[in-house]
Amino acid sequence: MTSPLRNDRFLRALRREPVDCTPVWLMRQAGRYLPEYRATRARAGSFLGMAKNPEVACEVTLQPLARFDLDAAILFSDILTVPDAMGLGLYFVDGEGPKFQRPIRDAAAVAQLAVPDMETELGYVMDAVRLIRRELDGKVPLIGFSGSPWTLACYMVEGGGSKDYARIKAMALNAPQALHRLLEVVTDAVVAYLAAQRAAGAQALQVFDTWGGVLSPAMYREFSLPYLSRIARELERGEGAQRTPLILFGRGNGPYVAELAATGTEGVGVDWTIALEEAVRAGGGRVALQGNLDPTTLYGTPEAITTEVGKVLDSYAAGNGGSREGHVFNLGHGMSPDMNPDHVAVLVDAVHRLSRR
């Protein structure tokens, strides 16, 4: 039995209901910029060792909430858990990031893929969600998440990170049917993964389309947008005040806000390369918006951070007829390891103080 929520302004904002102030959470709020995170990671031995241990994942998820007055927690995990569970062999190289032992390079490899079982191959994620919900005890909502089909496919085909995405773009050009088949099975897995997190206790869900912005408009509308639309359409989320909101976030997605708003998602997260004022107008009142402070603002002085927070809040209100409803404050992407935790405290305080109704 879980406790009722004591702070629901994040969920209310996603439903575009009145709130006492704009809610705020931050992408990568649990991460290497926190000394307590670094200590936990040293004890756990590796990033994967943390992510695959529900007790450690819970500990890390809660660390930023002990420091900052955040309005949501986000599950500590990684977007690549799904392809790992599909048998690609995820590992991490210091200084280089994630790699796969068995990348997908042709139609034959695509044909071998299947949707993993969520309570066995990915049971550690669901166990973490259940444990975090219990430990949060109603303090704030818990966000579950997944990578987008396109972004996961990038890692699966490239075998890791990439500067030019040459392999997957070559597949899009030379074997589009194979790529669409890959995206179909990954979408099936993402829908099942998010549904399982919801069943385990996640109260909101976010899809990270981190690499959607590397595509041309025509390719985005062929290889990313239709699969995001499928998730929004097929993911069962409930009804009314009990509905579990979905946020579609993407780097470089500014030109597509209107199309993302038409998918049926509850929220669209945008990066810092579009003014929120423009994004609100493009959304047409159909969705809440999340974002979109440039993360590098956190390298500024406390005074500069406060000024920039005010600009983001005002930009949203300017596009929304002066109203601040329907806005979740966030960064336009994740935090970096060398950021100062004291500056995060300034940001969170400024959001609440400057937006207080």
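Heavy-atom basis, side chains included; hydrogens, waters and symmetry copies ignored.
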Any pair with a residue in residues 302-322 that passes ring pair (Phe, Tyr, Trp, His ring centres under 6.0 Å), sequence neighbours left out, goes on the list, sorted by first then second residue, please. Tyr316-His327
Quick one: list whatever passes ring pair (Phe, Tyr, Trp, His ring centres under 6.0 Å) with Tyr124, sequence neighbours left out. none
Would you say Thr297's side chain and Leu293's backbone share a donor-acceptor pair under 3.5 angstrom? no
Carefully, step by step, assess Arg230 and Glu184 under the rule side-chain contact (heavy atoms from CB on, under 4.5 Å). CA-CA 9 Å; Arg230 253 197 68 199; Glu184 287 287 351; 2.6 Å; yes
Any residue meeting side chain to side chain donor-acceptor pair (under 3.5 Å) with Asp117, in chain and number order, not counting sequence neighbours: Thr120
Running the 4.5 Å side-chain criterion over Ile, Leu, Val, Met, Phe, Trp and Tyr, what cluster does Tyr91 land in, apart from itself? Val93
Are the side chain of Gln197 and the backbone of Phe145 linked by a donor-acceptor contact shorter than 3.5 Å? yes
Taking ring pair (Phe, Tyr, Trp, His ring centres under 6.0 Å) as the cut-off, I'd like each qualifying pair that reaches into residues 281-303, sequence neighbours left out, listed once. none
Test side-chain hydrogen bond (donor to acceptor under 3.5 Å, both in side chains) applied to Thr244 and Arg198, step by step: CA-CA 8 Å; Thr244 304; Arg198 178 175 180 261; 2.8 Å; yes
Looking at residues at least two apart in the chain, or sitting in another chain, which of them share a side chain to side chain donor-acceptor pair (under 3.5 Å) with Asn320? none
Distance, nearest 0.5 Å, that separates CG of Leu14 from CD1 of Ile247: 4.5 Å
Could you tell me the separation between the CZ atom of Arg237 and the CG atom of Leu235, rounded to the nearest 0.5 Å? 5.5 Å
Quick one: side chain to side chain donor-acceptor pair (under 3.5 Å) partners of Thr273, sequence neighbours excluded? Asp271
Using side-chain heavy atoms (C-beta onward) and a distance below 4.5 Å, is Asp209 in contact with Leu248? no
A side-chain contact here means heavy atoms from C-beta on lying under 4.5 Å apart; do Ser224 and Tyr256 qualify? no
Looking only at non-hydrogen atoms, find the nearest pair between Ile143 and Ala72 and report the distance. CD1-CB, 3.7 Å
Is it true that Thr40 and Glu59 share a donor-acceptor pair across their side chains at a distance under 3.5 Å? yes
Looking only at heavy atoms, what is the nearest atom pair of Thr187 and Leu183, with distance? OG1-O, 2.7 Å
How about His333 and Arg251: do any of their side-chain heavy atoms sit closer than 4.5 Å? yes
Are Gln290 and Gln206 close enough that a side-chain donor and a side-chain acceptor fall under 3.5 Å? yes
Would you find more than 12 non-hydrogen atoms of other residues, nucleotides or ligands less than 6.0 Å from Gln177 atom CD? no
Distance (rounded to the nearest 0.5 Å) between Leu48 CG and Leu90 CG: 5.0 Å
List the steps and the verdict of salt bridge (Lys or Arg N to Asp or Glu O under 4.0 Å) for Asp127 and Arg130. CA-CA 5 Å; Asp127 288 343; Arg130 286 185 276 265; 3.0 Å; yes
Going by salt bridge (charged side-chain N to carboxylate O under 4.0 Å, His left out), name the residues that satisfy it together with Glu55, two or more places apart in sequence or in a different chain. none
Step-by-step salt bridge (Lys or Arg N to Asp or Glu O under 4.0 Å) determination, Lys311 to Glu308: CA-CA 5 Å; Lys311 289 178 183 176; Glu308 294 305 310; 3.0 Å; yes
Salt bridge (Lys or Arg N to Asp or Glu O under 4.0 Å) test vs Glu325 passes for just one of Arg9, Arg12, Arg357, namely Arg357
Contacts satisfying ring pair (Phe, Tyr, Trp, His ring centres under 6.0 Å) that involve residues 47-90 (not counting sequence neighbours) are Tyr37-Phe76, Phe47-Phe76, Phe47-Phe92
Trp150/Tyr227 aromatic ring centres below 6.0 Å: no
Pro337 meets the side chain to side chain contact (heavy atoms under 4.5 Å, CB included) criterion, sequence neighbours left out, with Arg32
Heavy atoms of Gly291 and Val312 approach each other most closely as O-CG1, 3.9 Å
Check: Tyr155 ring centre within less than 6.0 Å of Phe100 ring centre: no
Check the pair Met335, Val344 against side-chain contact (heavy atoms from CB on, under 4.5 Å), reporting the backbone distance first and the verdict last. CA-CA 10 Å; Met335 297 178 59; Val344 176; 3.3 Å; yes
For a 4.5 angstrom cut-off between non-hydrogen side-chain atoms, does Arg6 reach Val140? no
Minimum-distance pair of heavy atoms, taken over all atoms of Pro149 and Ile231: CD-CD1, 3.6 Å
Give the minimum heavy-atom separation between Val82 and Pro116, together with the two atoms involved. O-CG, 4.4 Å
Can you check whether Ser336 reaches Tyr33 side chain to side chain, under 4.5 Å on heavy atoms? no
Side-chain donor or acceptor of Thr307 paired with backbone N/O of Glu303 under 3.5 Å: yes
Does the Asn292 side chain pair with the main chain of Ile274, one donor and one acceptor, at a distance under 3.5 Å? yes
Evaluate the side-chain proximity of Leu26 to Leu347: yes if any heavy-atom separation is below 4.5 Å, no if none is. yes
Arg243 CZ to Leu11 CG distance, which is reported to the nearest 0.5 Å: 13.0 Å
Please, which pairs that meet ring pair (Phe, Tyr, Trp, His ring centres under 6.0 Å) have at least one residue in residues 337-357, sequence neighbours excluded? none
Holding to side chain to side chain donor-acceptor pair (under 3.5 Å), I want the full list of residues that pass it with Thr81, two or more places apart in sequence or in another chain. Tyr193
Derivation and outcome, salt bridge (Lys or Arg N to Asp or Glu O under 4.0 Å), residues Lys52 and Asp84: CA-CA 12 Å; Lys52 292 193 174 186; Asp84 182 43; 2.9 Å; yes
Is a side-chain donor or acceptor of Asn330 paired with a backbone partner of Trp25 at a separation under 3.5 angstrom? yes
So Thr22 and Leu354, do their side chains get closer than 4.5 Å, heavy atoms only? no
Let me confirm one number: the OG1-CZ distance from Thr61 to Arg133, rounded to the nearest 0.5 Å. 13.5 Å
Nearest non-hydrogen partners of Ser77 and Val125, listed with the distance: OG-CG2, 4.2 Å
Start with the C-alpha distance between Asp314 and Arg324, add both sets of side-chain angles, then the distance that settles salt bridge (Lys or Arg N to Asp or Glu O under 4.0 Å), and finish with yes or no. CA-CA 8 Å; Asp314 290 346; Arg324 298 197 192 279; 3.3 Å; yes
For residues Arg105 and Met171, determine if any side-chain heavy atom of one lies less than 4.5 Å from a side-chain heavy atom of the other. no
Between atom CH2 of Trp272 and atom CG of Asp294, what is the distance when rounded to the nearest 0.5 Å? 5.5 Å
Counting distance only, does the side-chain N/O of Arg16 pair as donor-acceptor with the main-chain N or O of Gly326 below 3.5 Å? no
